[in-house]
Amino acid sequence: MRRLLVFFILFSLFSCEKIVDKPKKLIEKQEMAEIIADFAIYDQTYTVKPDANMELVSRFVLKKHKIDAKTYRDSYKYYISNPEEMDDIFAEAKEIILDKDPKLEDYIEKKKKENPNLPEFLR
């Protein structure tokens with residue numbers, strides 16, 4: 001009985017390569033980083049104008065990149081299931097944002113000092 005249980009556990013571990021299959025229309029990592037950077041930038045619209053329609057902002061970002069919502073959603077699901085790739089995408093998105101406004105680096109460092117327990121991906 002034990003051997004059978006071990007066999008099924010090993011079989012299930014080796015039968016699954018990836019949690020999410022690669023979509024047919026996968027957004028490239030660089031483009032995904034640019035889209036995420038734009039979402040982060042435009043997300044700040046809400047702090048300036050609380051009654052802003054964030055759905056319209058999201059549509060604007062996707063239209064700007066000539067991406068439909070399904071392609072973005074499928075690509076995001078794929079990348080989020082691969083943490084190493086998603087970390088690379090987030091790091092690239094952070095660099096894109098810092099290139100647009102270099103003063104943010106000082107602000108980020110200040111916030112890190114104020115909140116030393118931030119998760120790694122926010123640092």
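Please read these numbers as outputs of a predicted model, since none were measured by experiment.
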Which is it for K70 and D74 under the salt bridge (Lys or Arg N to Asp or Glu O under 4.0 Å) test, yes or no, and what are the steps along the way? CA-CA 6 Å; K70 183 181 181 340; D74 292 346; 2.6 Å; yes
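The hydrophobic clustering, which links ILVMFWY residues whose side-chain heavy atoms are closer than 4.5 Å, places M54 and Y72 together. Transitive grouping of hydrophobic side chains (ILVMFWY, heavy atoms separated by less than 4.5 Å) keeps I89 and I96 in distinct clusters.
Aromatic pair F39/Y76: ring centres not closer than 6.0 Å.
R59 and E55 are joined by a salt bridge, as a carboxylate oxygen and a charged side-chain nitrogen come within less than 4.0 angstrom of each other.
With values rounded to the nearest 0.5 angstrom, M32 atom CE is found 13.0 Å from D88 atom CG. One finds the CD1 atom of I67 at 5.5 Å from the CD atom of E31 (value rounded to the nearest 0.5 Å). Interatomic distance, Y79 OH to L26 CG, rounded to the nearest 0.5 Å: 3.5 Å. For the atom pair OG of S58 and CD1 of I35, the computed distance is 11.5 Å after rounding to the nearest 0.5 Å. In this structure, CD in E34 is found 11.5 Å from CD1 in I97, a value given to the nearest 0.5 Å. Separating the NZ atom in K29 from the CE atom in M86 is a distance of 10.5 Å, to the nearest 0.5 Å.
The side-chain heavy atoms of I27 and H65, taken from C-beta on, include no pair separated by under 4.5 Å. F60 places none of its side-chain heavy atoms less than 4.5 Å from the side chain of L56.
Considering all non-hydrogen atoms of both residues, A37 and A93 come closest at CB-O, 3.8 Å. Nearest heavy-atom pair across D68 and K25 is OD1-NZ, 3.9 Å.
Considering only residues two or more places apart in sequence or on other chains, K100 meets the salt bridge (charged side-chain N to carboxylate O under 4.0 Å, His left out) condition with D38. Shown here are the side-chain hydrogen bond (donor to acceptor under 3.5 Å, both in side chains) partners of E114, two or more places apart in sequence or in another chain: K111.
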